[in-house]
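Below you'll find the structure, written out as structure tokens, and then a few comments.
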Amino acid sequence: MYLCSGCQTAVSPDTKYFPVDCLGVEVTRATLGIIGMGSIGYRVAQRARAFDMRILYHNRNRRRKEEEEAVGAHYCEKMEDLLQQSDFVMLVVNLTPETHKLIGKKELGLMKPTATLVNISRGAVIDQDALVEALQNKVIRAAALDVTYPEPLPRDHPLLKLNNIIITPHIGTATVQATCMMAEEAIANMLAVLKGQPIPSEVFPK
């Protein structure tokens, strides 16, 4: 939030001085709750480790003990426990019937009023109407969304009018290098199928 407002302040023709009360929230030693500890969620944990964050995670299946220890992650069997303890909650799940509107009014109400919700999975994982209400009423401090439902949001959507949210246009993997690697991986998968070989990155491994 403060990055956006700070950038606007820095470039505004009306700026005569920088305000001293433009303060953000420290991530170092904060608690990060990761919902969905697959390959991407685990990579997030590896990066969070560098900031000395306390890492909690909720997943259908618990990671091996050595994997948990490698990133200092603690398993929460109940998602409610993770929501109540986390300063930052990151959604890294696939969109399925079970995860559709996984985060709604009840779940938002369990979060700290100082917490930030981050969604890098799919927009429909969050009940957006409930999120609007939570942000308007300061049930949570802020949200950062790389995904929404639909994409883009209608231009009159209430999420676009709030000042405690950052929305980016689904660009979490939008780099030249990442796009090339995804294309190469897709080609490798297709060639494996044509040759009758095991698929390198099978979505539903047998």
[X] (side chain) donor-acceptor with [Y] (main chain) under 3.5 angstrom:
X      : Y      : answer
Glu133 : Ala130 : no
Lys112 : Ser86  : no
Arg47  : Arg43  : yes
Thr99  : Asn94  : yes
Asp127 : Lys105 : no
Glu151 : Thr148 : yes

What closest approach, in Å, do [X] and [Y] show between heavy atoms, and which atom pair accounts for it?
X      : Y      : answer
Arg62  : Glu68  : NE-OE2, 2.7 Å
Pro152 : Arg155 : CB-NH2, 3.7 Å
Tyr42  : Ala70  : OH-CB, 3.5 Å
Gly41  : Val92  : N-CG1, 3.7 Å
Ala48  : Ile55  : CB-CD1, 4.0 Å
Leu160 : Pro154 : CD1-O, 3.3 Å

Say you draw a straight line from [atom1] of [X] to [atom2] of [Y]; how long is it, rounded to the nearest 0.5 Å?
X      : Y      : atom1 : atom2 : value
Phe51  : Arg29  : CZ    : CZ    : 12.5 Å
Met111 : Asp87  : CE    : CG    : 9.5 Å
Glu69  : Glu67  : CD    : CD    : 11.0 Å
Thr28  : Asp52  : OG1   : CG    : 7.0 Å
Gln136 : Asn164 : CD    : CG    : 9.0 Å
Leu110 : Met79  : CG    : CE    : 8.0 Å

Does the side chain of [X] reach to within under 4.5 Å of the side chain of [Y], using non-hydrogen atoms?
X      : Y      : value
Pro19  : Thr9   : yes
Ile35  : Ile103 : yes
Val125 : Leu95  : yes
Thr173 : Thr179 : no
Gln85  : Arg54  : yes
Lys161 : Asp156 : yes

Sequence neighbours excluded, the answer for side chain to side chain contact (heavy atoms under 4.5 Å, CB included) partners of Leu159 is Gln128, Leu131, Val132, Leu135, Leu145, Leu153, His157, Leu162, Ile165, Ile167
Does Tyr57 have Arg63 sitting over its ring (NZ/CZ under 6.0 Å from centre, angle to axis within 45°)?
no
Please step through side chain to side chain contact (heavy atoms under 4.5 Å, CB included) for the pair Thr116 and Ile140, ending with a clear verdict.
CA-CA 7 Å; Thr116 297; Ile140 62 172; over 6 Å; no
Salt bridge Arg64-Glu66, side-chain N to carboxylate O under 4.0 Å
yes
Taking Val25 as the starting point, is it possible to reach Val118 by hopping between hydrophobic residues whose side chains are less than 4.5 Å apart?
yes
Criterion side chain to side chain contact (heavy atoms under 4.5 Å, CB included) on Leu102 and Glu107, from CA distance to verdict
CA-CA 8 Å; Leu102 179 69; Glu107 291 73 25; over 6 Å; no
Does Tyr149 have any ring-ring contact (aromatic ring centres under 6.0 Å, His included) partners at least two apart in sequence or in another chain, and if so, which?
none
What verdict does the side chain to side chain contact (heavy atoms under 4.5 Å, CB included) test give for Leu117 and Leu91, after you've listed the backbone C-alpha separation in whole Å, the side-chain angles of each residue and the deciding distance to 0.1 Å?
CA-CA 8 Å; Leu117 178 64; Leu91 304 174; 4.2 Å; yes
Name the one of Val89, Val44, Ile40 that satisfies side-chain contact (heavy atoms from CB on, under 4.5 Å) with Ile34?
Val44
